[in-house]
Amino acid sequence: MTDSQAMTATQNAIRVRFAPSPTGKLHVGGARTAIYNWAFARANDGVFILRIDDTDPTRSTEENTQIILRAMRWLGLDWDEGPDVGGPFGPYRQADRVARYKEAAEKLVEEGKAYYCFCTPEELEAGRKRAHEAKEEFQGYNGACRKLDPAEAKARVAAGEPHTIRIKVPEGRGDVVVDDAVHGQVTFNAKELDDFIIFRSDDTPTYNFATVVDDADMRITHVIRGDDHLSNTPRQVIVYEALKKPVPTFAHISMILGEDGKKLSKRHGATSVEEYQQESYESEAFVNYLALLGWSFDDKTTIIPRDVLAREFSLNRVSKNPATFDSKKLNWINEQYLLAMTDEEFAEKILGPQLVLAGKEEEGCISLRPEWFALLASVIKPRTKIAGDVVSLTEFLYKGDAPEIEEKAFNKMLAKESAKPSLVAALSALQTLEDKASGFYADAINDALAPLPEELDISRGAFYGAIRVALTGTLVSPPMGEMIELLGCKSTCARIEAALEKIETTA
RNA sequence: GGCCCGUUCGUCUAGCGGUUUAGGACACCGCCCUCUCAAGGCGGAGAUCACGAGUUCGAAUCUCGUACGGGCUACCA
């Protein structure tokens, strides 16, 4: 590629941005917006930019910024330009760009496209109240300071009078048509827009101004963001026009609701990405689920790995209506990702880390006995919804030689006549098997146990149930052969003997 | 109040004027497999496409109203 070609490519490249405010953790709604931006950029060989919109210094924190960055990394959404990696249009934190906004705002004042306003918040509030009580159609700013003589206004500013800067919505602007990639053309009448504030009296820019300056400076071509900004878009279009910058394409995506159909909030449980990470969801499954919440690939696909998403995402398949967050489906998708792992992979990525985390195994345990862990993975994997489940699913392994037996389980399986002969027969069969030295494997164990119920004239349910309770103390466990192989002969026999003893003492 | 957006099974969605007795997925129910619990296989129930008019030979799909939900109307983002 020649330099001029490279230049053309960059100029034509799609550039999108995700611009969270660090006023809290990364929310699932924000995460989905980030995913759509990222996927749209990747699918179109575009550039994905991360910008921190911290124009509100009172609510923004560095800690939240770091949490958001961490969440983005966990989601696997890599950015090409951003606060930590830099880029040609930085800085990428709004707090570091205030001089730029000030300059842009003053320039608009100079050009007569914006003006100083000396109205106090109290006056404005009173005006709004009056308009509201009079039930006036238009309840916005009345434009009092618009008529001020510019020279006089400048003098008042120079004299230190508190002031804001308001943009002038051009007289007779007519309809502002927003070209929205998901909603189509949305028309607003500029008459309904008032001269809104672009710069506060405390010398900070407002959101509607700062984002436009940044999006223009950063050559953003597509603004993909939440629905709640749709009504603000005509205001931003006015700013683009005042700045004489091209207006990007917008794509307003709907919000995510809680299971009661209300806006997602704390009382719906986990709402931040961080919480889902801590609850041990697979990052890719989480991204998959969120991507599908408001976007579809076709009429049947539900499993979309991250790389496929990055190839296939398109804005025209984004749906307009709000979506309800369904943790059951998230769980199911998560499970599908776990199921898709090989046993070795599952042992390495899920079993090892989770068991180490729970203090059940030592770091590096898998390499010591890879086959045992692969077998364990094969029985645990289909029973795992999320990674953290493996701790309870493997609990039977760590119960020692005389597991505590749940009362309910004892009463149901061991407190009956068939229990003792079942255990005795199983014990002897297993010991014989071990003596044969042909290998204490699941298949052989199953073969050794299989004929016993009939020989003893005991139902299979009662027979295996008795062993299950003896070995685990509970009524639920992995399949018998595998479980016994995992426990090994020594522990198995010890547990059966302990159960027999308990039967004796109880009887 | 004004302006804007949205409305297909409980949930996520497919559907872009006839191919639809509205398709798929989650959840639910049943059967099969089976020593328990899963996983897997098969099947079932579940949506008069918010409602009402209109356009059309024909509408979930186009238009207009109504209702309900949401957003904006801040010196929040």
Side-chain angles (χ1 to χ4, degrees), chain A residues 19-21 23 53-56 58-60 117 119-121 124-125 128 131-141 162-166 178 180 183 186-189 191-194 196-202 204-208 210-211 225-235 252 254-255 257 259 261-263 289 292-296 298-303 317 319-326 328-333 335 339 379-385 393 413 446 449-450 453 459-469 472 474-481:
Chain A
S21 290
T23 54
D53 277 12
D54 51 359
T55 41
D56 182 354
T58 57
R59 295 198 299 146
S60 303
C117 174
C119 299
T120 64
L124 296 171
E125 178 56 32
R128 264 194 303 271
H132 182 75
E133 279 165 5
K135 299 200 167 152
E136 284 175 24
E137 280 213 354
F138 184 78
Q139 299 184 0
Y141 178 63
H163 65 281
T164 60
I165 299 175
R166 309 188 88 111
V178 174
D180 192 286
H183 293 274
V186 184
T187 305
F188 300 85
N189 192 322
K191 278 202 290 242
E192 280 134 23
L193 271 26
D194 55 3
F196 56 96
I197 291 173
I198 58 175
F199 230 84
R200 302 186 190 104
S201 54
D202 69 354
T204 58
T206 58
Y207 166 79
N208 278 325
T211 25
R225 72 205 331 180
D227 240 351
D228 47 339
H229 293 291
L230 182 54
S231 299
N232 271 150
T233 306
R235 282 171 238 281
H252 287 97
S254 63
M255 59 170 33
L257 308 174
E259 293 183 11
K262 296 273 167 54
K263 190 173 174 173
Y289 174 69
L292 245 30
L293 205 60
W295 175 80
S296 60
D298 57 20
D299 59 340
K300 47 184 65 112
T301 309
T302 46
I303 299 300
R317 294 195 68 88
S319 75
K320 301 181 190 20
N321 33 344
T324 303
F325 192 90
D326 180 6
K328 292 238 183 70
K329 190 152 186 174
L330 202 214
N331 286 348
W332 180 82
I333 288 179
E335 192 185 359
L339 245 19
V379 320
I380 296 304
K381 191 173 65 177
R383 294 167 171 78
T384 309
K385 289 245 184 279
L393 288 166
M413 286 302 168
N446 281 331
L449 296 179
S459 79
R460 296 166 76 79
F463 176 75
Y464 286 101
I467 303 173
R468 172 166 297 107
V469 172
T472 68
T474 67
L475 290 164
V476 175
S477 84
M480 200 57 66

Exercise. For atom C1', what is the distance between G69(B) and C51(B), given to the nearest Å?
Worked result: 15 Å
Exercise. Of E136(A) and G481(A), whose closest RNA chain B nucleotide lies nearer the 5' terminus?
Worked result: E136(A)
Exercise. Contact class for T23(A) vs. all strands (heavy atom < 4.0 Å): base, sugar-phosphate, or nothing?
Worked result: nothing
Seminar exercise, completed: Winner on side-chain proximity to R468(A), out of A77(B), U36(B), C4(B), is U36(B)
Exercise. Hey, does F188(A) reach any base, or is it just sugar-phosphate, or nothing, if we go heavy atoms under 4.0 Å?
Worked result: sugar-phosphate
For this session: Would you indicate what N321(A) reaches in the nucleic acid, counting non-hydrogen atoms under 4.0 angstrom: base, sugar-phosphate, or nothing?
Result: sugar-phosphate
Problem set entry | Nearest to side-chain heavy atoms of K329(A), which nucleotide of C5(B), A25(B), U73(B) | A25(B)
Problem set entry | Counter-base of G10(B), judged by Watson-Crick or G-U geometry with both distances under 3.5 Å | C26(B)
Exercise. Checking all strands, does P478(A) fall into the base, sugar-phosphate, or nothing category for heavy-atom contacts under 4.0 angstrom?
Worked result: base
Exercise. Quick one: which of C37(B), A77(B), C4(B) gets closest to the side chain of N232(A)?
Worked result: A77(B)
For this session: Determine, for F196(A) and R166(A), whether the Lys NZ or Arg CZ falls below 6.0 Å from the six-membered ring centre while staying within 45 degrees of the axis.
Result: no
For this session: Classify the side chain of K300(A) and the base of A14(B) as holding, or not holding, a donor-acceptor pair under 3.5 Å.
Result: no
For this session: State which of A39(B), C5(B), A74(B) makes the closest approach to the side chain of E335(A).
Result: A39(B)
Problem set entry | Complementary nucleotide of G58(B), counting Watson-Crick and G-U pairs under 3.5 Å | none
Exercise. At under 4.0 Å between heavy atoms, what does T302(A) touch on the DNA or RNA strands: base, sugar-phosphate, or nothing?
Worked result: sugar-phosphate
Exercise. Which is true for R225(A) with a 4.0 Å heavy-atom rule: it touches a base, it touches only sugar-phosphate, or it touches nothing?
Worked result: nothing
For this session: Answer with base, sugar-phosphate or nothing: what part of the nucleic acid does S477(A) contact at a heavy-atom distance below 4.0 Å?
Result: base
Exercise. Can you find a side chain N or O atom of T206(A) that sits less than 4.0 Å from OP1 or OP2 on A74(B)?
Worked result: no
For this session: Provide the Watson-Crick or G-U wobble partner of U19(B), both distances under 3.5 Å; none if there is no partner.
Result: none
For this session: Please evaluate the base of C75(B) for a donor-acceptor partner in the side chain of S201(A) within a cut-off of under 3.5 Å?
Result: yes
Exercise. Between Y289(A) and D326(A), what is the shortest heavy-atom contact and its length?
Worked result: OH-N, 2.7 Å
Exercise. With a 4.5 Å limit on heavy-atom distance, are the side chains of D194(A) and R235(A) in contact?
Worked result: yes
Exercise. Do R225(A) side-chain atoms and H252(A) backbone N/O form a donor-acceptor pair below 3.5 Å?
Worked result: no
Exercise. What about D326(A), does its side chain sit under 3.5 Å from the base of A27(B) through a donor-acceptor pair?
Worked result: no
For this session: Remember a base hit wins even if backbone is also touched, and classify S254(A) as base, sugar-phosphate or nothing at under 4.0 Å, heavy atoms.
Result: nothing
Exercise. Got a donor-acceptor pair under 3.5 Å from the side chain of Q139(A) to the base of G2(B)?
Worked result: no
Problem set entry | Nearest heavy atoms of F463(A) and L449(A), plus distance in Å | CE2-O, 4.0 Å
For this session: Just call it for P322(A): base, sugar-phosphate, or nothing, with non-hydrogen atoms closer than 4.0 Å on any strand.
Result: sugar-phosphate
Exercise. Which nucleotide sits closest to the side chain of L293(A): A74(B), C12(B), U36(B)?
Worked result: C12(B)
Seminar exercise, completed: Pairing partner of G69(B), by Watson-Crick or G-U wobble and under 3.5 Å for both distances, is C5(B)
Exercise. Which nucleotide sits closest to the side chain of E192(A): A27(B), C75(B), G2(B)?
Worked result: G2(B)
Problem set entry | Touch class at under 4.0 angstrom, heavy-atom based, for P20(A) against every strand present | nothing
Exercise. Applying a 3.5 Å limit to both distances, which nucleotide forms a Watson-Crick or G-U wobble pair with U63(B)?
Worked result: A53(B)
Exercise. When all nucleic acid strands are considered with a 4.0 Å heavy-atom cut-off, which category describes L193(A): base, sugar-phosphate, or nothing?
Worked result: nothing
Problem set entry | Residue W332(A), side-chain heavy atoms: nucleotide from C75(B), A39(B), A25(B) that is nearest | A25(B)
Exercise. Quick one: on RNA chain B, does A323(A) or P205(A) contact a more 5' nucleotide (nearest heavy atom)?
Worked result: A323(A)
Exercise. With both distances under 3.5 angstrom, what nucleotide forms a Watson-Crick or G-U wobble pair with U36(B)?
Worked result: none
For this session: Would you indicate what G294(A) reaches in the nucleic acid, counting non-hydrogen atoms under 4.0 angstrom: base, sugar-phosphate, or nothing?
Result: sugar-phosphate
